Visitor: 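Structure provided below as structure tokens; questions to follow.
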Amino acid sequence: MDKIQMTTPLVEMDGDEMTRIIWKYIKDELIIPFVDLKTEYYDLGLENRNATNDQVTVDSANATMKYGVAVKCATITPNAARVEEYNLKEMWKSPNGTIRAMLDGTVFRAPIQVKGIEPCVKNWKKPITIARHAYGDVYKASEMKIPGPGKVELVYTAADGHEERVLVHDYKEAGVAQGMHNLDGSISSFARSCFTYALDTKQDLWFATKDTISKKYDHTFKDIFQEIYDNEYKEKFEAAEIEYFYTLIDDAVARVMKSEGGFIWACKNYDGDVMSDMLSSAFGSLAMMTSVLVSPKGYYEYEAAHGTVQRHYYKYLKGEETSTNPVATIFAWTGALRKRGELDNNAELSKFADRLEKATIDTIENGEMTGDLKLITELTNAKKLNTEDFIKAIRRTLEANE
């Protein structure tokens, strides 16, 4: 069988530890035998980031802006222990954070559903996608401990020297204080990414904050979303027969629990952090979550939602058998190949991505799976496979489905 041809390369970002091993398995068994794979390769393994002073991460983000679609392996964000383990020049920043900032993107995460691994919420029939704003709020907050009585104020000093002050609290005893910020430009990019992705996937979009309490901070998010929707996206949503609506975060939680799924839930930074972990656990496993970074300018970067699986990597180095789940990484590849196919009008490439996803799900539903899934499946014929054998089983299913 002739391999499927590609006209434009993908940006390929290799990674670290066990996911780097899996990355090669997936390419060798599930992609290269079927696709004349064209990629612009960047090694984002920690050793190479250190050797290049992290310039390779910047280069990979610039390449994504050039070619439009990237696929990324999980990478290490070093802490003090990693600095010592890898003899690093410094504690390099998160590659995901660097790429996200350069692409001005929003992260969308959604569960991969298979029969036999049922959500904890029984009425969830379709995936729920979390769109997380990835700038500001508590993650860039300034904090201080208040030692005793006194006033804490927010002070804005304009470029011309004019000042405005707001009393935070008149303390009568010791306490704590925190100052958060966000930017209209970042919120606008978040909104446009959400509206664009909703149109791409033909899903309703929900957005929720607590504007009744936060009448300036959260209300600004609400107003910017509504203004952009009304001026740029309303007619497109109506033509696509999908809906955008705003509600309070507590109302959204209640609605989510009673819904059947099948929509995008846009959240501020901390809300998205919490709710994406809740959804991944409730749907089954973080290893069964897709993740895509979407830029308002139309750049896409696909990756697994989990980390580098350090514990399994150390077992692998000792020659011990591992049963690491590769599904999220497979779906990162299929997402990137499908989007590349869409942008290049290459229907065969997009169809291959669909077939590979179906083969992966069929293999699990036929009872062949990794150990993490065997622990939670309701299937009675489940068989635990090591990582390499599971990938080979998917290839057999893919070839049988031709």
Side-chain angles (χ1 to χ4, degrees), residues 6 8-28 31-32 35 37-107 134-135 139 189 290-295 297-310 312-314 316-317 324 326 328-337 339-340 343:
M6 292 178 63
T8 310
L10 291 174
V11 177
E12 179 186 351
M13 306 175 186
D14 211 342
D16 288 300
E17 298 187 321
M18 198 64 212
T19 43
R20 187 182 182 97
I21 305 302
I22 292 171
W23 194 259
K24 187 174 187 306
Y25 286 163
I26 291 169
K27 286 176 64 180
D28 289 349
I31 311 278
I32 292 173
V35 177
L37 185 64
K38 291 182 173 62
T39 71
E40 186 160 307
Y41 178 86
Y42 294 87
D43 184 358
L44 267 58
L46 190 50
E47 294 96 335
N48 195 47
R49 280 184 274 145
N50 190 58
T52 64
N53 296 321
D54 210 29
Q55 182 62 39
V56 66
T57 304
V58 174
D59 292 345
S60 71
N62 283 325
T64 303
M65 289 186 272
K66 176 181 178 181
Y67 291 107
V69 185
V71 58
K72 180 181 174 295
C73 185
T75 47
I76 295 169
T77 299
N79 55 17
R82 295 295 204 162
V83 171
E84 183 176 348
E85 178 185 357
Y86 283 86
N87 193 27
L88 302 180
K89 299 172 187 175
E90 63 180 82
M91 196 180 296
W92 303 109
K93 295 179 181 179
S94 160
N96 290 344
T98 298
I99 295 165
R100 190 181 301 136
M102 289 183 64
L103 269 57
D104 194 20
T106 295
V107 177
Y135 177 80
Y139 299 90
S189 292
T290 64
S291 182
V292 55
L293 178 69
V294 180
S295 161
K297 293 184 179 179
Y299 314 133
Y300 295 79
E301 184 247 300
Y302 295 82
E303 62 181 340
H306 57 72
T308 59
V309 203
Q310 179 186 17
H312 284 196
Y313 181 61
Y314 291 158
Y316 170 84
L317 292 178
T324 316
T329 305
I330 293 170
F331 273 62
W333 273 102
T334 56
L337 290 169
K339 178 55 66 176
R340 183 77 276 159
L343 295 178

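As the structure is a computational prediction, the values presented were derived from the model and not from experiment.
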Visitor: With a 4.0 Å cut-off, would you call Glu17 and Arg82 a salt bridge?
Guide: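 Result for this pair is yes, salt bridge flagged.
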Visitor: Can a salt bridge be assigned to the pair Lys72 and Glu12 using a cut-off of 4.0 Å between side-chain N and carboxylate O?
Guide: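 No.
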Visitor: Decide if atom NZ of Lys38 counts as having more than 12 heavy atoms of other residues, nucleotides or ligands within a radius under 6.0 Å.
Guide: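 Counting neighbours around NZ of Lys38, more than 12 heavy atoms of other residues, nucleotides or ligands fall under 6.0 Å, so yes.
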Visitor: Do Glu40 and Tyr42 have side-chain N/O donor and acceptor atoms under 3.5 Å apart?
Guide: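 The criterion, which ignores hydrogens and geometry beyond distance, is satisfied for Tyr42 and Glu40.
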Visitor: Please name the pair of heavy atoms, one in Gly15 and one in Thr75, separated by the smallest distance, quoted to 0.1 Å.
Guide: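 Scanning both residues completely, I find the closest heavy atoms to be CA-CG2, 3.8 Å.
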Visitor: Could you check whether any side-chain heavy atom of Val56 comes within less than 4.5 Å of a side-chain heavy atom of Leu44, counting everything from C-beta outward?
Guide: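 The answer is yes; the side chains approach within 4.5 Å.
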Visitor: To the nearest 0.5 Å, what is the distance between OG on Ser295 and CZ on Arg100?
Guide: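 Reported to 0.5 Å precision, the distance equals 13.0 Å.
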Visitor: Is any side-chain heavy atom of Ile31 less than 4.5 Å from a side-chain heavy atom of Trp333?
Guide: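 Yes, close enough: below the 4.5 Å cut-off.
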Visitor: Are Thr39 and Met6 side-chain neighbours, meaning at least one heavy-atom pair lies under 4.5 Å?
Guide: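 Sidechains of Met6 and Thr39: no contact.
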Visitor: Would you say that Asp16 contacts Cys73 through its side chain, given a criterion of any heavy-atom pair below 4.5 Å between the two side chains?
Guide: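 Asp16 vs Cys73: side chains apart.
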Visitor: Salt bridge or not between Asp54 and Lys89? Use side-chain N to carboxylate O under 4.0 Å.
Guide: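 Result for this pair is no, no salt bridge flagged.
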Visitor: Minimum heavy-atom separation for Arg49 and Pro95, please, with both atom names.
Guide: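 Residues Arg49 and Pro95, closest heavy atoms: NH1-CG, 3.2 Å.
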Visitor: Are Ile99 and Met102 packed together at the side-chain level, in the sense that at least one heavy-atom pair is separated by less than 4.5 angstrom?
Guide: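 No, too far: nothing below the 4.5 Å cut-off.
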Visitor: Identify the heavy atoms of Ile26 and Pro326 that sit nearest to each other, and give their distance.
Guide: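 It is CD1-O, 4.1 Å.
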Visitor: Between Met13 and Val71, is there a side-chain heavy-atom distance shorter than 4.5 Å?
Guide: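 Result no, sub-4.5 Å side-chain heavy-atom pair not found.
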Visitor: Can you confirm whether Leu10 sits close enough to Leu337 that some side-chain heavy atom of one is under 4.5 Å from a side-chain heavy atom of the other?
Guide: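 Sidechains of Leu337 and Leu10: in contact.
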Visitor: Which atom names give the shortest non-hydrogen contact between Ala332 and Tyr302, and what distance separates them?
Guide: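 Residues Ala332 and Tyr302, closest heavy atoms: O-CB, 3.4 Å.
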Visitor: Check Ile76 against Thr308 and note the closest heavy-atom contact, atom names and distance.
Guide: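 Closest pair (atom of Ile76, atom of Thr308, distance): N-CG2, 3.8 Å.
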Visitor: Any side-chain heavy atom of Leu343 sitting closer than 4.5 Å to one from Thr8?
Guide: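 Side-chain contact under 4.5 Å: no.
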Visitor: If we ignore angles and hydrogens, is there a donor and acceptor under 3.5 Å between the side chains of Asp14 and Tyr41?
Guide: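 Indeed, the side chains of Asp14 and Tyr41 share at least one donor-acceptor pair under 3.5 Å.
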